Amino acid sequence: MPTLIPILGDQLSFHLASLADADRADSILLMMEVAEEAGYVRHHKAKIALILSAMRHHAAALRAAGWQVDYIRLDDPENSGSFTGEVARAIARHSPDRIIITEPGEWRLLAAIEAWETLFGIPVSIREDSRFIASHALFNAWADDGRKQLRMEYFYRLMRRETGLLMEGDQPAGGQWNFDAENRRPAREAPVPPAQPRHEPDAVTREVLTLVATRFAEHPGSIDHFAFAVTREQAEAQMLWFLNHALPGFGDWQDAMLTGEPFLWHSLLSPALNIGLIDPLELCRAVESAWRAGRVPINAAEGFIRQIIGWREYVRGIYWREGPHYVERNHLHARRPLPDFYWTGATDLNCLGQALRQTLDHGYAHHIQRLMITGNFALIAGIDPHALHQWYLAIYVDAFEWVEAPNTIGMSQFADGGLLGSKPYAAGGAYVNRMSDYCRDCRYDVKQRTGPQACPLNALYWDFLVRNRETIGGNPRLAMPYRSWDRFDGATQNKIRNSASAFLAKLEGSP
Ligand code: FAD
Ligand code: DLZ
């Protein structure tokens with residue numbers, strides 16, 4: 001009797017733990033397009049298209065490599081619509097004597113898979129996902145090692161030592177662990193960014209795009225510009241393009257935001273990494289080689305490698321360590337509903353409009369847009385972090401809960417009370433004006449604090465600090481802004497708070 005090996009839509013790699021010792025002649029690989037996965041949050045059309053197209057291409061590659069693949073298409077008339085339903089049908093077809101699966105990327109699915117053994121009466125082995133550098137045991141050993149705080153920087157140094165990346169013996173290459181101080185140059189100094197390559201849809205992708213356009217017409221976002229890498233070859237081409245054209249400027253300009261430039265010096269590799277088309281370590285080794293060959297500066301190579309072996313591995317460790325209820329945390333008791341304009345882009349704050357409209361157009365925004373535009377607005381406006389988490393999970397093509405939730409709940413909304421960040425990433429208009437050209441074409445004046453022309457972020461920022469003083473007022477990293485607030489006279493303080501209240505009252509009825 002064969003072994004049934006389900007392969008999920010973000011497990012599109014030949015190097016899966018569940019395949020490591022599998023016998024091609026005696027294994028059935030089950031790949032399932034199911035409506036439940038498109039609907040547990042209302043995913044952006046481009047995200048559904050990316051996953052279905054990449055799954056179809058991967059199934060063909062697996063077959064070409066000699067694997068037996070049982071592939072369930074979304075429009076198969078018998079499709080039950082869920083992983084559990086499809087595994088039940090596959091068991092009836094193949095009578096396997098066991099199931100082996102690589103762990104999924106979400107608590108929700110892990111719970112469903114853990115129920116299969118009892119439900120189906122055959123052994124189910126769930127294997128740890130070996131596509132990550134840090135195992136659960138390694139992360140937990142680090143976290144449990146008598147630390148008061150789980151700071152990414154220290155975890156990152158461990159990852160550098162574990163991988164040997166950018167190391168000279170036991171010392172960091174270039175004499176420093178972190179070159180961030182040389183990064184983050186403001187947008188107004190930025191040269192013209194390199195043009196991203198397009199991976200033109202082939203017949204498989206075009207068929208998926210038609211399916212998505214009809215079946216998921218009500219879902220947010222556009223697929224008109226769809227050009228993501230959906231095969232390993234395209235992902236490798238994207239990686240090569242990045243190494244040659246964007247990586248040299250990545251360090252300097254990683255925080256810059258420019259009107260009409262959604263991608264700038266970013267790699268757009270998160271979808272390929274997260275669904276398994278590219279191996280993170282292979283990518284980091286290629287980046288290191290580019291630095292060692294003198295093709296890119298150290299601040300670019302180190303800055304990029306830190307995002308992958310530092311942040312990416314670290315947020316995953318936090319997600320699994322903190323448990324399924326992490327996504328419900330709400331340290332600041334923020335309760336305001338998510339404004340409708342997050343789904344439409346229809347807002348007259350130009351910074352938000354720019355970030356939201358490119359998100360709807362592409363399913364993509366870069367890190368600082370996610371953190372300091374859409375995330376910052378939600379934070380200072382007191383938006384319910386769980387609603388925001390569901391939005392991020394739905395709207396970005398690279399969003400899977402293990403990576404999205406700690407970034408949203410923790411880094412961006414401080415809803416976990418400071419597990420990921422030592423202070424909330426809250427900012428007024430001055431930050432946006434320094435790091436972007438968005439304020440130039442905005443109907444609001446970034447220099448004004450109150451009044452009808454004033455940038456709403458300014459009053460909201462102060463209002464956020466005052467509203468949450470009881471919870472975060474003792475944070476030493478916020479001592480300076482609280483001192484500044486206390487120096488305003490009473491009339492100014494009132495004006496600021498009234499401006500914020502008036503804006504927030506209108507927001508309830510947005511757009
Ligand atoms: P680049 O700027 O080229 O960076 C290179 C790579 O580093 C990325 O591909 C990614 O794999 C990794 N990386 C960078 N920052 C982070 C980070 N903070 N956490 C994890 N990996 C990181 N990333 C996701 O992959 N999926 C998500 O669902 C996601 N949600 C986010 C939500 C919020 C609120 C915030 C603030 C960040 C989120 N990120 C998420 C992190 C980051 O914004 C994206 O990884 C990045 O924008 C992807 O674009 P890129 O590949 O062009 O990245
Ligand atoms: C996100 C997604 C979507 C939209 N559709 C499918 C699908 O039809 N089949 C599939 O195997 N996976 C899909 N996925 C990805 C899963 O939701 C993913 O495996 C989980 O989010 C766990 O990370």
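Treat the numbers as computed from the prediction; the structure is a model and nothing was measured. Just follow the structure's listing: the first ligand is 1, and inside any ligand the first atom is 1.
The ring of Phe132 has its center no closer than 6.0 angstrom to the ring center of Trp320. Ring-centre distance between Phe242 and His266: not below the 6.0 Å cut-off. The distance between the ring centers of Phe139 and Phe155 falls below 6.0 angstrom.
In summary, the atoms of ligand 1 found under 4.0 Å from a heavy atom of Thr408, numbered by their order in the structure, are 32 (C), 34 (C). Atom numbering of ligand 1 starts at 1 in the shown order; those under 4.0 Å from a heavy atom of Ala365 are 47 (O). Atoms of ligand 1 lying under 4.0 Å from any heavy atom of Phe250, numbered from 1 in the order shown and given with element: 1 (P), 2 (O), 3 (O). Numbered from 1 in the order shown, with element, the atoms of ligand 1 that lie under 4.0 Å from a heavy atom of Ala399 read 27 (C), 28 (O). Taking every non-hydrogen atom of His366 and a distance limit under 4.0 Å, the qualifying atoms of ligand 1 come out as 47 (O). Those atoms of ligand 1 that come under 4.0 Å of a heavy atom in Leu371, given as number and element, are 36 (C). For ligand 1, the atoms closer than 4.0 angstrom to any heavy atom of Ile308 are 6 (C), 7 (O). Ligand 1 places these atoms under 4.0 Å from at least one heavy atom of Ser270: 9 (O), 25 (O), 48 (C), 49 (O), 51 (O).
Using a distance-only test at 3.5 Å, with no hydrogens or angles considered, a donor-acceptor pair links the side chain of Asp129 to the main chain of Arg131. When atom types are taken as modelled, the side chain of Glu313 and the backbone of Ile133 share a donor-acceptor pair closer than 3.5 angstrom. In this structure a side-chain-to-backbone donor-acceptor pair under 3.5 Å is missing from Gln11 to Ile275. Judged by distance alone, the side chain of Glu189 and the main-chain N or O of Arg185 form no donor-acceptor pair under 3.5 Å. Without hydrogens or angle criteria, Asn79 side chain to Asp75 main chain gives no donor-acceptor distance under 3.5 Å. His57 places a side-chain N or O within 3.5 Å of a backbone atom of Ser53 that can act as its donor or acceptor partner. Although no hydrogens or angles enter the test, the distance criterion places no donor-acceptor pair under 3.5 Å between the side chain of Gln358 and the main chain of Gly260.
For atom 7 (O) of ligand 1, the closest heavy atom belonging to the protein is Gln307 CB, 3.1 Å. When hydrogens are left out, the protein atom nearest atom 27 (C) of ligand 1 is Asp398 OD1, 3.4 Å; that is the closest non-hydrogen contact. Atom 53 (O) of ligand 1 has its closest protein heavy atom at Ser267 OG, 4.0 Å. Residue, atom and distance of the protein heavy atom nearest to atom 16 (C) of ligand 1 are Trp311 CB, 3.9 Å. Protein heavy atom at the shortest distance from atom 24 (C) of ligand 1 is Val403 CG2, 3.4 Å. With respect to atom 41 (C) of ligand 1, the closest heavy atom belonging to the protein is His367 ND1, 3.7 Å.
Contact check for Gln238 versus Gln196: side-chain heavy atoms found under the 4.5 Å cut-off.
Residue contacts with ligand 1, taken as heavy atom pairs separated by less than 4.0 Å, involve Leu273 solely via side-chain atoms from C-beta onward. With a heavy-atom cut-off of 4.0 Å, Tyr364 touches ligand 1 through its side chain alone. At a heavy-atom distance under 4.0 Å, no atom of Gln254 approaches ligand 1. Of all the heavy atoms of Phe263, none lies under 4.0 Å from any atom of ligand 1, so neither backbone nor side chain is involved.
Taking distance alone, with nitrogen or oxygen atoms compared against 3.5 Å, Ser412 stays at or beyond that limit from ligand 1. Looking at Asn274 next to ligand 1, an N or O pair under 3.5 Å apart turns up. No N or O atom of Pro271 sits closer than 3.5 Å to an N or O atom of ligand 1. For ligand 1, none of its N or O atoms has an N or O atom of Phe304 under 3.5 Å away.
With distances taken over non-hydrogen atoms, the option nearest atom 29 (C) of ligand 1 out of His266, Lys47, Arg370, Arg316 is Arg370. Residue nearest to atom 39 (N) of ligand 1, selected from Leu264, Asn407, Leu420: Asn407 (by heavy-atom distance).
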Name each donor-acceptor pair under 3.5 Å that joins a side chain in residues 217-228 to protein atoms two or more places apart or in another chain, with its distance.
from, atom 1, to, atom 2, distance (Å)
His219, ND1, His43, N, 3.4
His219, ND1, His43, O, 2.8
Ser222, OG, Asp224, N, 3.0

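Within 6.0 Å of CZ on Phe263 lie more than 12 heavy atoms contributed by other residues, nucleotides or ligands.
At least one heavy atom of Tyr392 lies less than 4.0 angstrom from ligand 1.
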Report all N/O contacts between ligand 2 and the protein shorter than 3.5 Å as a table of atom names and distances to 0.1 Å; if there are none, say 'none'.
from, atom 1, to, atom 2, distance (Å)
ligand 2, 8 (O), Val34, N, 2.9
ligand 2, 9 (N), Met32, O, 2.7
ligand 2, 11 (O), Gly9, N, 2.8
ligand 2, 11 (O), Met32, O, 3.4
ligand 2, 12 (N), Gly9, N, 3.3
ligand 2, 17 (O), Glu37, OE1, 2.5
ligand 2, 19 (O), Asp10, OD1, 2.9
ligand 2, 21 (O), Glu106, OE2, 3.0
ligand 2, 23 (O), Asp10, OD2, 2.4
ligand 2, 23 (O), Gly105, N, 3.4

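Seen from the ring of Trp343, Arg42 counts as a face-on cation partner, given the 6.0 Å and 45° thresholds. For the pair Arg56 and Tyr71, the cation-pi criterion (under 6.0 Å, within 45° of the ring axis) is not fulfilled. For the pair Lys47 and Tyr364, the cation-pi criterion (under 6.0 Å, within 45° of the ring axis) is not fulfilled.
We find that Arg108 and Glu106 are joined by a salt bridge, their nearest charged nitrogen and carboxylate oxygen being less than 4.0 Å apart.
The aromatic rings of Tyr342 and Trp391 lie perpendicular to each other, with more than 60° between the two planes, well past the 30° mark.
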